[in-house]
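Data block below; observations after.
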Amino acid sequence: MLNLNSDIKYIRGVGEKRAELFNKLGIFDVRSLLCYYPRRYQDWSKERTVAQCVSGENVCIKATLITPVREHLIKRGMTVYKCSFTDGETDIRVTIFNNKYLAKALRQYKEYVLFGKLEKKLTFAEMSSPKIEEAEKNIGIHPIYSATEGLNSNAIGKTVKTALEALPQIPETLDTRFRLKYGLVSLDFAIRQIHFPSDFERLDKAKYRLIFEELLILQLGLMKLRGKKKALSGARVIRNYTNEFYALLPFSPTNAQKRAIDECISDMSGKYAMNRLIQGDVGSGKTAVAAGTVYTSVKNGFQCALMAPTEILAVQHTQTISKILAPSSIKIDLLTGSTSVKEKRLIKERLASGETQLVIGTHALIQKDVAFKNLGLVITDEQHRFGVNQRAGLAMKGHGVHTLVMSATPIPRTLALMIYGDLDISVLDELPAGRRKIRTDVVDSRYHARIYEFVRKAVERGEQAYIVCPLVEEGESNLLPATQYAEKLSETVFRGINLGLLHGKMKADEKEKVMGAFVRGDIKILVSTTVIEVGVDVPEATVIVIENAERFGLSQLHQLRGRVGRGNAQSYCILVSDSKGETAQSRLAVMKNCSDGFKIADEDLKQRGPGDFFGNRQHGLPELKIADMLGDTETLSVCRRAAGEILAEDFNLDKPENRPLADEISEMFRNSVSN
């Protein structure tokens, strides 16, 4: 007998081969099939006559087939079938392309429903390849599913229908009293109506129930994760040395930096270990905040560790923080893969004895033989670049260690609590005074000669430039891959200039070597894919040219733009695009007119939707199947309150009525990467 855990191949009509097609869509069992919701719906419920329709519209017409279906072979592999229907007043001439099965199934004088684009002529109407269904079988509202080659929307719908017919009742996950309190229909009703709605009112009720449950499960999971991470502090700060730290700085910190440091010190002074995210735009001064927390932590007798994803970033953090803390007596060491064997041994000895108070490094910090005398604070930069085990591995080298993670990827404010629900958040929403705005221009490819000349003059002034190309997929012959583009430029317009190449398929040590040469100034122009998106500080880099800019998301473009503007000279971002599309043009206009990363992130989410915005899953948020992270924020706030009430009474979800929720949390978070 079929149940939610039954393999997809056991549904009648599926079998081994078709199951493989469903697997491509992430559907492996009955549960994942029923959670594969339609992406949209076609309304066949309003049947009209030709006279009631507007030409060019997608319409639903009830009509009778009045002629035989005639076959016309146009060319090899292309067959056209023609026939005529009538709605009782007007004839409708229908053309069907390459669908022998449908053509053979049609019966003269039988009544059908036609759905598609209608073109009205003087005395008749035409429809080209409409969807056709027997009138008595018209279900009114038709679900449309995202399909794959060999498995169309209709086939998916039929399989869903077969599965639902074989399931007498879908088990409920929410307690009856809870459903009544929040006005939620049953899960059985919701699942059946989301796939095959009787009407739009029932569809809305089904959607609300499923969105509510998905957001409730998400919030319960994040809150439980946060509760578990509230470990007792083993490195409690007794005295605040922040004012002493400010006296060391050669600049005045922004109010946002001061607020973030205060929040960190407050956390570190409390009963529980800090677990905080510093989220700030490019150049907002996260490193200075990190240095401020390190200063007070060290002055209270604790060691600190800062882990960066690449050796170059680790070196730059060491240079920046050493400069900030130079007037103090804090002992800083740098530990990376390329540190000599002798120096590694000495650094490890100094860490074990407590002589080194701050160590900055890469993955080398989590090696088993790296031991601390009294580790109190762990900072990870660009935390999404590390696996959960790597981050935990460093924190485990101390007891009740404080954790601070830093991210230069602005996330829309409405989403911060959802994504980082297990962390406290500090936002640096203010740039240091004196930072010059990067001039951004949008041009088409006709400007290439002028762009190249502009870049050449910048190099002659002793400056450097990036040229960024999008990733080229197979078959995209209209785009030039970074490798070929770099060769072309070095042999022509930039002959005689040291030009470097960086792309994702290069080995890690090759990337480090190229970036190192660019940082030192040996490479003057760097042609790259988006691997430079979150990267290094090169003050001499003043120009970034982004080819085919319409292919990037707004947030990605903003991150790329942040690679320049690190020094005192005026910097430029040139977006090259030949796209005439309205969406692309409006995206690029946002980039030209706005430099606030958080506003850009908000706009990016509005334009692209949450699926694309979080397409690379780098934030560890579980995949949502129906909830819209931007549109459902009101429901989200209701769910947060509801989740809080449930966990306040039953944190471990041990009560019988809450056990299904615990199972759903496990299912949702099973494949997600925890922050």
Side-chain angles (χ1 to χ4, degrees), residues 35 37 39 173-175 178-185 187 190-191 194 203-229 275 277 279 407 409-427 429 555 598-599 601-615 617-651 653 658 660-675:
C35 290
Y37 304 125
R39 60 186 170 88
T173 50
L174 298 177
D175 181 53
F178 183 89
R179 286 200 293 109
L180 289 171
K181 181 178 178 179
Y182 291 100
L184 304 170
V185 296
L187 185 58
I191 291 290
I194 199 76
L203 176 59
D204 286 342
K205 287 179 179 177
K207 274 184 181 174
Y208 183 72
R209 158 64 203 253
L210 295 170
I211 288 168
F212 190 105
E213 179 165 343
E214 190 165 52
L215 293 177
L216 176 70
I217 299 299
L218 177 72
Q219 290 307 306
L220 283 168
L222 291 174
M223 286 179 179
K224 278 178 69 63
L225 191 63
R226 186 173 187 159
K228 283 178 183 173
K229 286 193 175 182
N275 199 30
L277 166 79
Q279 191 195 352
S407 175
T409 309
I411 304 299
R413 289 176 176 85
T414 52
L415 301 184
L417 276 173
M418 284 184 70
I419 298 159
Y420 298 116
D422 60 323
L423 296 171
D424 294 306
I425 303 167
S426 293
V427 178
D429 51 5
S555 295
F598 288 95
K599 285 181 183 172
D602 275 323
E603 192 60 37
D604 200 14
L605 188 65
K606 283 175 195 167
Q607 290 190 8
R608 294 200 293 157
D612 289 333
F613 188 91
F614 296 110
R617 300 285 304 283
Q618 72 177 33
H619 299 289
L621 188 71
E623 183 185 357
L624 298 181
K625 293 180 169 62
I626 193 167
D628 178 339
M629 289 185 274
L630 187 66
D632 296 318
T633 49
E634 198 175 311
T635 307
L636 171 65
S637 63
V638 176
C639 289
R640 280 187 70 79
R641 285 198 304 273
E645 289 167 11
I646 291 169
L647 293 180
E649 288 184 8
D650 182 19
F651 185 80
L653 302 178
N658 291 331
L661 292 175
D663 294 339
E664 292 297 317
I665 291 168
S666 299
E667 181 68 26
M668 177 181 277
F669 283 79
R670 185 164 45 119
N671 297 317
S672 83
V673 180
S674 171
N675 279 304

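In this chain, residues are counted from 1 in sequence order.
Asp429 CG to Lys599 NZ: the interatomic distance, rounded to the nearest 0.5 Å, is 11.0 Å. To the nearest 0.5 angstrom, Leu180 atom CG is 11.0 Å from Leu174 atom CG. With rounding to the nearest 0.5 angstrom, the CG atom of Leu661 is 6.5 Å from the OG1 atom of Thr173. Distance CG/Leu218 to CD/Glu664: 13.0 Å, rounded to 0.5 Å. The distance from the CG atom of Leu653 to the CG atom of Asp663 is 9.5 Å, given to the nearest 0.5 Å.
Remark: Tyr208 pairs with Phe212 by the ring pair (Phe, Tyr, Trp, His ring centres under 6.0 Å) rule, at least two apart or across chains. Considering only residues two or more places apart in sequence or on other chains, Asp650 meets the side chain to side chain donor-acceptor pair (under 3.5 Å) condition with Asn658. For the side chain to side chain donor-acceptor pair (under 3.5 Å) test, no residue two or more places apart in sequence or in another chain qualifies with Lys625. Take Asp175 and apply the side chain to side chain contact (heavy atoms under 4.5 Å, CB included) test, not counting sequence neighbours, and it matches Arg177, Phe178, Glu657. Contacts of Glu214 classified as salt bridge (Lys or Arg N to Asp or Glu O under 4.0 Å), with partners at least two apart in sequence or in another chain: none. For Ala643, the side chain to side chain contact (heavy atoms under 4.5 Å, CB included) partners two or more places apart in sequence, or in a different chain, are Leu216, Gln219, Leu220, Met223.
The shortest non-hydrogen separation linking Ala206 to Ala190 is CB-O, 3.4 Å. For the residue pair Gly221 and Ile665, the shortest heavy atom distance occurs at CA-CG2, 3.8 Å.
Between Val638 and Arg641, some side-chain heavy-atom pair lies under the 4.5 Å cut-off.
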Worked verdict on Leu210 versus Leu187 for side chain to side chain contact (heavy atoms under 4.5 Å, CB included): CA-CA 8 Å; Leu210 295 170; Leu187 185 58; 3.8 Å; yes
From CA spacing to verdict: salt bridge (Lys or Arg N to Asp or Glu O under 4.0 Å), Arg209, Glu213: CA-CA 6 Å; Arg209 158 64 203 253; Glu213 179 165 343; 2.4 Å; yes
